[in-house]
Colleague: 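My questions all concern the structure below.
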Amino acid sequence: METLLPRDLDEALAAIAADPEATVLAGGTDLMVQVNLQGLRPARVIAIRRIPELREWVGRFIGAAVTHRRLEIGPIKALAEAARTVGSPQIRSAGTIGGNLGTSSPAGDTLPFLAAADAEIVLRSRTGERVLPWDQFITGPKRNARRPDELIVGVRLPEHLPARQAFAKVGVRNAMVIAITSCCVIRDEDGTTRVALGSVGPTPIRARQAEEMISAETRPSEAARAEFARLVAAEVRPITDHRSTAEYRRHASGVIARRLLERVLP
Ligand SMILES: Cc1cc2nc3c(=O)[nH]c(=O)nc-3n(C[C@H](O)[C@H](O)[C@H](O)COP(=O)(O)OP(=O)(O)OC[C@H]3O[C@@H](n4cnc5c(N)ncnc54)[C@H](O)[C@@H]3O)c2cc1C
């Protein structure tokens with residue numbers, strides 16, 4: 001296995017243009033599991049974690065190589081809450097937001113935040129840049145729209161990101177757990193509310209009917225909150241697997257969405 005260590009983004013883009021079959025390695029917390037346990041044998045690896053441009057976090061642009069640890073202590077509340085739930089301290093120190101996107105697992109913990117925030121994914125190749133809305137980037141379970149000669153450069157958040165935001169996930173333990181369901185709720189001062197869920201569909205899911213209903217409620221009553229939970233539970237598309245039944249995932253999604261809504265209300 002040949003490992004390339006480009007010093008900057010230009011070198012990395014040249015390397016991937018020369019060999020689009022090469023495997024991109026960031027923190028390795030997903031990739032090395034595939035190598036160690038699933039027999040993946042990449043012929044050539046391009047290690048990108050130390051590339052300065054990818055480690056930048058400037059305002060609403062978060063570089064792909066920003067680790068969960070940095071997100072966890074960063075200023076974006078729901079993203080910090082999401083990053084704090086990823087793996088263990090060791091995993092959070094190595095794993096990156098770009099790797100979470102690169103894997104595009106339905107259970108990726110930063111993804112509900114990115115979906116609720118309407119984030120854009122910035123991709124670059126030697127021939128130019130593409131900026132895709134999150135729902136055009138993530139196309140299915142562990143599938144995304146990255147082209148083989150592109151790197152995920154980072155994530156661009158909207159100019160206006162409401163401060164009232166919260167994330168939580170449900171799992172069988174408090175730590176080191178893959179989500180059974182996860183949820184992010186963001187509410188603006190005017191009541192506009194966005195809710196996204198993970199692990200309950202092939203990609204993160206925005207519960208649009210629930211959003212529309214609760215956004216019209218300036219002071220959601222008990223009945224409105226219950227209806228919000230009901231709509232969220234109706235809109236998710238969970239499956240039954242070794243982690244949970246679909247039925248429990250659906251129920252837990254409604255419960256957690258309502259709790260988060262209550263956290264973000266004034
Ligand atoms: C013990 C353990 C616990 C975990 N717990 C959680 C958890 O609770 N929640 C969670 O969401 N995840 C969890 N994970 C998964 C993993 O830590 C995250 O998905 C992490 O964000 C991956 O980032 P990475 O930098 O390590 O990616 P890598 O493993 O380096 O890469 C992952 C994939 O993305 C591609 N890639 C990475 N960066 C780029 C880039 N800039 N451009 C193009 N492609 C790229 C790689 O080629 C690879 O296909 C866990 C993993 C382990 C081993």
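Note that the coordinates shown come from a computational prediction; the quantities given were computed from them, not determined experimentally. Both counts, for ligands and for their atoms, begin at 1 and track the order of listing.
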Colleague: Indicate, as side chain, backbone, both or neither, the part of A64 found under 4.0 angstrom from ligand 1 when only non-hydrogen atoms are considered.
Modeller: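 Side chain only.
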
Colleague: Looking at ligand 1, does A107 have a heavy atom less than 4.0 Å from it?
Modeller: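 A heavy atom of A107 does come that close to ligand 1.
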
Colleague: Test E235 against every option in E211, R208, R250 by the side chain to side chain contact (heavy atoms under 4.5 Å, CB included) rule and name the one that passes.
Modeller: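 Looking at E211, R208, R250, the match for E235 under the side chain to side chain contact (heavy atoms under 4.5 Å, CB included) is R208.
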
Colleague: Of the listed options (I16, T23, D30, L40), which comes nearest to atom 15 (C) of ligand 1 when hydrogens are ignored and any heavy atom counts?
Modeller: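 Shortest heavy-atom distance from atom 15 (C) of ligand 1: D30.
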
Colleague: For atom 47 (O) of ligand 1, what is the nearest protein heavy atom, given as residue, atom name and distance?
Modeller: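 Among all protein heavy atoms, the one nearest atom 47 (O) of ligand 1 is V24 O, 2.5 Å.
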
Colleague: In the protein, which heavy atom is nearest to atom 52 (C) of ligand 1, and how far is it?
Modeller: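 Ranking protein heavy atoms by distance from atom 52 (C) of ligand 1, first comes I91 CD1, 3.7 Å.
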
Colleague: Can you pull out the closest protein heavy atom to atom 38 (N) of ligand 1? Residue, atom name and distance to 0.1 Å, please.
Modeller: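 For atom 38 (N) of ligand 1, the nearest protein heavy atom is A26 CB, 3.6 Å.
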
Colleague: So between L31, T29, I48, V153, whose heavy atom ends up nearest atom 40 (C) of ligand 1?
Modeller: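 Considering heavy atoms of L31, T29, I48, V153, the nearest to atom 40 (C) of ligand 1 sits in I48.
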
Colleague: Would the number of heavy atoms belonging to other residues, nucleotides or ligands and lying under 6.0 Å from CD of E159 be above 12?
Modeller: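 No - once you tally the heavy atoms of other residues, nucleotides and ligands closer than 6.0 Å, there are 12 at most.
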
Colleague: Is the contact between V177 and ligand 1 made by the side chain, the backbone, both, or neither, using heavy atoms and a 4.0 Å cut-off?
Modeller: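 Just the backbone.
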
Colleague: Report the member of G87, G27, A47 with the shortest heavy-atom distance to atom 8 (O) of ligand 1.
Modeller: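 Heavy atom nearest to atom 8 (O) of ligand 1 belongs to G87.
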
Colleague: Applying side-chain contact (heavy atoms from CB on, under 4.5 Å) to I91 and H68, what does each step give before you reach the verdict?
Modeller: CA-CA 8 Å; I91 296 292; H68 294 298; 5.5 Å; no

Colleague: Name the option, out of R146, Q34, H68, that contains the heavy atom nearest to atom 43 (C) of ligand 1.
Modeller: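 Nearest heavy atom to atom 43 (C) of ligand 1 lies in R146.
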
Colleague: Taking atom CD of Q209 as the centre, report whether more than 12 heavy atoms of other residues, nucleotides or ligands fall under 6.0 Å from it.
Modeller: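 Open: at most 12 neighbouring heavy atoms sit under 6.0 Å from CD of Q209.
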
Colleague: What part of T85, side chain, backbone, both or neither, has a heavy atom within less than 4.0 angstrom of ligand 1?
Modeller: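 The answer is the backbone.
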
Colleague: Inspect the surroundings of CD in E212 and state if more than 12 heavy atoms from other residues, nucleotides or ligands are less than 6.0 Å away.
Modeller: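 Open: at most 12 neighbouring heavy atoms sit under 6.0 Å from CD of E212.
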
Colleague: Give the residue and atom name of whichever protein heavy atom lies nearest to atom 13 (C) of ligand 1, and the separation in Å to one decimal.
Modeller: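 Looking at atom 13 (C) of ligand 1, the protein heavy atom closest to it is V86 CG1, 3.9 Å.
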
Colleague: Evaluate whether atom CZ of R259 has more than 12 neighbouring non-hydrogen atoms of other residues, nucleotides or ligands under 6.0 angstrom away.
Modeller: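 No - once you tally the heavy atoms of other residues, nucleotides and ligands closer than 6.0 Å, there are 12 at most.
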
Colleague: Indicate, as side chain, backbone, both or neither, the part of R84 found under 4.0 angstrom from ligand 1 when only non-hydrogen atoms are considered.
Modeller: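 Neither; no heavy atom under 4.0 Å.
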
Colleague: List the residues meeting side-chain contact (heavy atoms from CB on, under 4.5 Å) with I205, not counting sequence neighbours, and say none if there are none.
Modeller: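 Partners of I205 under the side-chain contact (heavy atoms from CB on, under 4.5 Å) test: R237.
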
Colleague: Is the closest N or O pair between N100 and ligand 1 shorter than 3.5 Å?
Modeller: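 Yes, since at least one N or O of N100 sits under 3.5 Å from an N or O of ligand 1.
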
Colleague: Counting both backbone and side chain atoms, is some N or O of G28 under 3.5 Å from an N or O of ligand 1?
Modeller: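 N/O-N/O distance below 3.5 Å exists for this pair.
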
Colleague: Suppose we measure from atom 41 (N) of ligand 1 to each protein heavy atom; which comes out shortest, and what is that distance?
Modeller: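 Nearest protein contact, heavy atoms only, for atom 41 (N) of ligand 1 is I152 O, 2.9 Å.
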
Colleague: Do S215 and T193 come close enough that some side-chain heavy atom pair is under 4.5 Å?
Modeller: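 Yes, close enough: below the 4.5 Å cut-off.
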
Colleague: Check whether any side-chain heavy atom of R206 sits under 4.5 Å from a side-chain heavy atom of R194, and report yes or no.
Modeller: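 Answer yes - side chains close enough.
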
Colleague: May I ask you to identify the nearest protein heavy atom to atom 23 (O) of ligand 1, giving residue, atom name and distance to one decimal place in Å?
Modeller: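 Going by distance alone, atom 23 (O) of ligand 1 is nearest to T96 N, 3.2 Å.
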
Colleague: Could you please spell out the steps behind the side chain to side chain donor-acceptor pair (under 3.5 Å) verdict for S105 and T103?
Modeller: CA-CA 5 Å; S105 162; T103 297; over 6 Å; no

Colleague: Look at atom 37 (C) of ligand 1 and find which of G102, G99, A83, P148 reaches it with the closest heavy atom.
Modeller: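 Shortest heavy-atom distance from atom 37 (C) of ligand 1: G99.
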
Colleague: Quick one: look at M176 and ligand 1, take heavy-atom pairs under 4.0 Å, and tell me if it's side chain, backbone, both or neither.
Modeller: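 Under 4.0 Å from ligand 1, M176 contributes side-chain atoms alone.
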
Colleague: Would you say CD of E129 has more than 12 non-hydrogen atoms from neighbouring residues, nucleotides or ligands within 6.0 angstrom?
Modeller: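 Above 12, so yes.
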
Colleague: Are a donor atom and an acceptor atom from the side chains of E247 and T245 found within less than 3.5 Å of each other?
Modeller: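 There is no such pair (donor and acceptor under 3.5 Å, judged by atom type) between the side chains of E247 and T245.
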
Colleague: Counting non-hydrogen protein atoms only, what is the nearest one to atom 32 (C) of ligand 1? Give residue, atom name and distance.
Modeller: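 Sorting protein heavy atoms by distance from atom 32 (C) of ligand 1 puts T103 OG1, 3.3 Å first.
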
Colleague: Please state which protein non-hydrogen atom is closest to atom 11 (O) of ligand 1 and give its distance, to 0.1 Å?
Modeller: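 The closest heavy atom on the protein side is D109 N, 2.8 Å.
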
